[in-house]
Amino acid sequence: MGKAAFRVGTSRVYYSRVAAREAIALQSRIGEESRLDLASPPAAAAEESKRSKMFFHIVLERNMQLHPRHFGPHLRDKLVSKLIKDVEGTCSGRHGFVVAITGVEDIGKGLIREGTGYVTFPVKYQCVVFRPFKGEILEAVVTMVNKVEPLASSSPVVMGFFAEAGPVQIFVSNHLIPDDMEFQSGDVPNYTTSDGSVKIQKESEVRLKIIGTRVDATEIFCIGTIKDDFLGVISDPGAAV
């Protein structure tokens with residue numbers, strides 16, 4: 001396959017290979033077990049009946065360090081601004097992606113750090129977090145369709161596509177794509193039906209179902225499928241051409 005088929009930097013290609021390798025391990029685990037729960041969900045979603053939602057409004061705590069030059073009448077504003085900058089958009093394996101901070105409940109007394117002058121303030125704040133679960137239906141945008149070469153010669157070649165739903169990256173392998181869709185290589189790699197009526201390529205919008213998740217301390221990676229009723233392509237950027 002030509003280099004033009006990637007249209008991404010070397011680091012993105014390497015990342016895709018690593019993610020694909022992890023996807024293989026994750027899919028193997030899905031095949032061996034009927035469920036895949038690799039991390040404890042937030043307390044509000046501990047029960048299965050509450051897993052129909054992915055956004056949660058929770059209270060978290062964080063120690064914030066502030067330089068002495070910020071001390072003064074606007075100390076609280078500086079702390080809140082730094083909190084938003086440091087926390088929004090980050091990911092916690094336990095709670096999920098922090099979408100937005102909605103309020104600050106309490107700022108405790110500061111503790112001076114010896115030798116630096118910095119002061120550490122305990123801050124309790126409210127925020128909206130996004131945490132996907134197995135069985136959820138998401139609408140995502142395809143970011144890459146490719147045959148990903150393995151990092152090791154003994155590893156299998158991974159075919160499928162990567163998609164993003166907000167901050168979450170999802171991999172859908174060839175085995176989780178409808179049987180009537182085949183991979184087409186070229187300048188714009190895609191999956192196309194035999195009659196050419198449906199195509200999945202970069203920038204396509206798809207509706208998919210999460211069948212497994214892998215949670216790290218700072219990242220959540222998902223495996224999805226479009227091989228089910230009411231799933232598949234929502235819009236194709238090439239259809240209007």
Side-chain angles (χ1 to χ4, degrees), residues 1-9 11-13 15-20 22-24 26-27 30 51-56 88-89 91 96-100 128-148 157-214 219-241:
M1 181 163 46
K3 294 182 180 179
F6 282 93
R7 298 185 183 279
V8 293
S11 59
R12 180 64 179 273
V13 174
Y15 175 77
S16 297
R17 291 179 179 177
V18 173
E22 294 174 346
I24 294 173
L26 187 55
Q27 288 184 105
I30 293 173
R51 288 193 176 186
S52 59
K53 61 180 182 178
M54 293 176 286
F55 293 91
F56 306 91
E88 285 189 354
C91 177
F97 296 91
V98 179
V99 178
V128 176
V129 297
F130 172 69
R131 172 70 184 274
F133 291 101
K134 178 182 176 182
E136 297 287 356
I137 305 296
L138 293 176
E139 294 184 358
V141 178
V142 177
T143 56
M144 180 182 293
V145 179
N146 233 316
K147 179 191 296 184
V148 182
V157 174
V158 180
M159 296 179 63
F161 66 84
F162 289 90
E164 291 180 352
V168 179
Q169 182 167 181
I170 306 161
F171 178 71
V172 180
S173 75
N174 183 63
H175 303 293
L176 299 172
I177 297 173
D179 297 333
D180 63 340
M181 302 194 77
E182 295 185 357
F183 177 75
Q184 307 291 332
S185 60
D187 291 340
V188 183
N190 61 83
Y191 278 89
T192 308
T193 54
S194 55
D195 60 1
S197 60
V198 180
K199 181 183 294 185
I200 298 176
Q201 59 184 348
K202 186 177 180 181
E203 303 299 334
S204 294
E205 295 182 15
V206 296
R207 181 178 292 112
L208 51 81
K209 180 179 180 180
I210 296 176
I211 62 172
T213 60
R214 178 185 59 76
E219 182 183 19
I220 299 177
F221 182 77
C222 299
I223 294 292
T225 179
I226 59 172
K227 202 173 184 179
D228 207 343
D229 294 338
F230 309 110
L231 302 180
V233 179
I234 301 174
S235 68
D236 176 14
V241 178

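Below, each value reflects all heavy atoms present in this structure, side chains not excepted, and no hydrogens, waters or symmetry copies.
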Any side-chain heavy atom of Glu203 sitting closer than 4.5 Å to one from Val141?
yes
Using atom types as modelled and distance alone, determine if a side-chain donor or acceptor of Tyr191 lies under 3.5 Å from a backbone N or O of Asn174.
no
Separation of Glu136 CD from Thr213 OG1 (nearest 0.5 Å)
11.0 Å
Min side-chain heavy-atom separation Phe161-Val206 under 4.5 Å
yes
When Leu208 is tested against each of Asp228, Ile226, Leu231 for side chain to side chain contact (heavy atoms under 4.5 Å, CB included), which residue passes?
Ile226
Please enumerate all residues that pass side-chain hydrogen bond (donor to acceptor under 3.5 Å, both in side chains) together with Thr192, with sequence neighbours excluded.
Asn190
Indicate yes or no for a side-chain donor-acceptor contact from Thr143 to the backbone of Phe162 under 3.5 Å, with no hydrogens or angles considered.
yes
Work out which heavy atom in Phe56 is nearest to a heavy atom in Arg131; give both atom names and the distance.
CE1-CB, 4.1 Å
Reported CZ-to-OG distance for the pair Arg207 and Ser235, which is rounded to 0.5 angstrom
10.5 Å
Do you know which two heavy atoms are closest between Met181 and Val198, and how far apart they sit?
CE-O, 3.9 Å
Does some side-chain heavy atom of Val168 sit less than 4.5 Å from a side-chain heavy atom of Phe130?
yes
Nearest heavy-atom neighbours spanning Gly160 and Ile177
CA-CD1, 4.4 Å
For the residue pair Asp179 and Lys227, establish whether any side-chain heavy-atom pair is separated by less than 4.5 Å.
yes
Heavy atoms of other groups near Glu139 CD, more than 12 under 6.0 Å:
yes
Contact between Val233 and Lys199 at the side-chain level, heavy atoms closer than 4.5 Å - yes or no?
no
If you look at every heavy atom in Met159 and Phe171, which pair is closest and at what distance?
O-CZ, 3.9 Å
Rounded distance [0.5 Å steps], CZ in Phe221 versus CD in Gln169
5.5 Å
Would Val188 and Lys202 count as a side-chain contact (heavy atoms from CB on, under 4.5 Å) if you check the C-alpha gap in whole Å, the side-chain angles of each, and the deciding distance to 0.1 Å?
CA-CA 8 Å; Val188 183; Lys202 186 177 180 181; 5.7 Å; no
Among residues at least two apart in sequence or on other chains, which ones pass side-chain hydrogen bond (donor to acceptor under 3.5 Å, both in side chains) with Asp180?
none
Non-hydrogen side-chain atoms of Gln184 and Glu182 separated by less than 4.5 Å
yes
Rounded to the nearest 0.5 Å, the CD1 atom of Ile170 sits from the OG1 atom of Thr225 at a distance of 11.5 Å
Between Leu176 and Ile223, is any pair of side-chain heavy atoms under 4.5 Å apart?
yes
